[in-house]
Asks: 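Supplied in structure tokens, the structure appears directly below.
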Amino acid sequence: MVIEIPELLDKAEVRAIRAQLNAADWHDGRGTAGHRAISVKTNLQLHLDDPLAQDLGKRLVERLGQTQLFIASALPARIMSPRFNRYENSGAYGNHVDNAIFSVPGTQAHVRTDLSATIFLSDPEDYDGGELVIDDLFGEHRVKLQAGHMILYPGSSLHRVTPVTRGVRFAAFTWIQSFVAQDLQRSLLFDLDNAIQDLTADHPDHGAIDTLTNVYHNLLRQWSTT
Ligand code: NI
């Protein structure tokens, strides 16, 4: 399931963040790439312990926790602190898979990357290229969203970022461990949840709402792994 979460940040918030990122302390992104990814990655990143990255990351995680569409679709158990990258001068990130498990810096905790998320922070007209291309069972998704919007996709997908041939592309990205590890199960729960919401809006007294809600929670209880 590939889902767009629109307007995670509004225009003013994105402008302010971009101004901070413009002046930030950028480093070669190969520092955090795995063995195979290192040869295909040419971008810049903020260090994980950069105070700006930590501060912005905290705000983004807070915002995610207030975003109903994100919660309903991701069923998040743990969210990695978001990271920040910058692509320019034909910078790109070739085809790769993300690590299955990350340790949370400074703790004993781990996050299984059931979902990957990218928050676009540059407006699409400000750069050429820089599409996030995601391969899944249904083919290829080419994603280039308005600044402030987020794409959520299965962590199991091969993906890449095409070269940025004009302008600068800023983005934040993170991984989420879901209560439900399997993408198909999450998407069934999401469909069921939406159907219950629709039914409740149109026929608030319908007795089937209780049955369906019970089914939803019992499936969630059976399928949750965390
Ligand atoms: Ni990746």
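Just so it is clear, the structure is predicted and the values come from calculations on it, not from any experiment. As the structure lists them, so they are numbered: ligands from 1, and atoms in each ligand from 1. Scope of the values below: all heavy atoms of this structure, side chains included, with no hydrogens, waters or symmetry mates. Along the sequence shown, the residues carry numbers beginning at 1.
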Asks: Do the ring planes of H203 and H206 sit parallel (below 30°), tilted (30 to 60°) or perpendicular (above 60°)?
Replies: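 Perpendicular.
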
Asks: With side chain to side chain contact (heavy atoms under 4.5 Å, CB included) as the criterion, how do Y93 and V40 come out once you've worked through the C-alpha distance, each side chain's angles and the decisive distance to 0.1 Å?
Replies: CA-CA 6 Å; Y93 198 166; V40 294; 4.0 Å; yes

Asks: If you leave out waters, which protein N, O or S atoms are less than 2.8 Å from the Ni ion (ligand 1)?
Replies: H96 NE2, D98 OD1, H159 NE2

Asks: Output, in order, the C-alpha distance, side-chain angles, deciding distance and verdict of side chain to side chain donor-acceptor pair (under 3.5 Å) for D50 and H27.
Replies: CA-CA 11 Å; D50 184 315; H27 297 271; over 6 Å; no

Asks: Is R83 positioned over the aromatic face of F102, cation under 6.0 angstrom from the ring centre and no more than 45 degrees off axis?
Replies: yes

Asks: Mind listing the side-chain donor-acceptor pairs of residues 147-158 below 3.5 Å, one per line with the distance, residues two or more places apart or on another chain?
Replies:
from: H149; atom 1: ND1; to: E4; atom 2: OE2; distance (Å): 3.1
from: S157; atom 1: OG; to: P154; atom 2: O; distance (Å): 2.7

Asks: Output, in order, the C-alpha distance, side-chain angles, deciding distance and verdict of side chain to side chain donor-acceptor pair (under 3.5 Å) for D193 and Q197.
Replies: CA-CA 6 Å; D193 187 13; Q197 307 289 339; 3.0 Å; yes

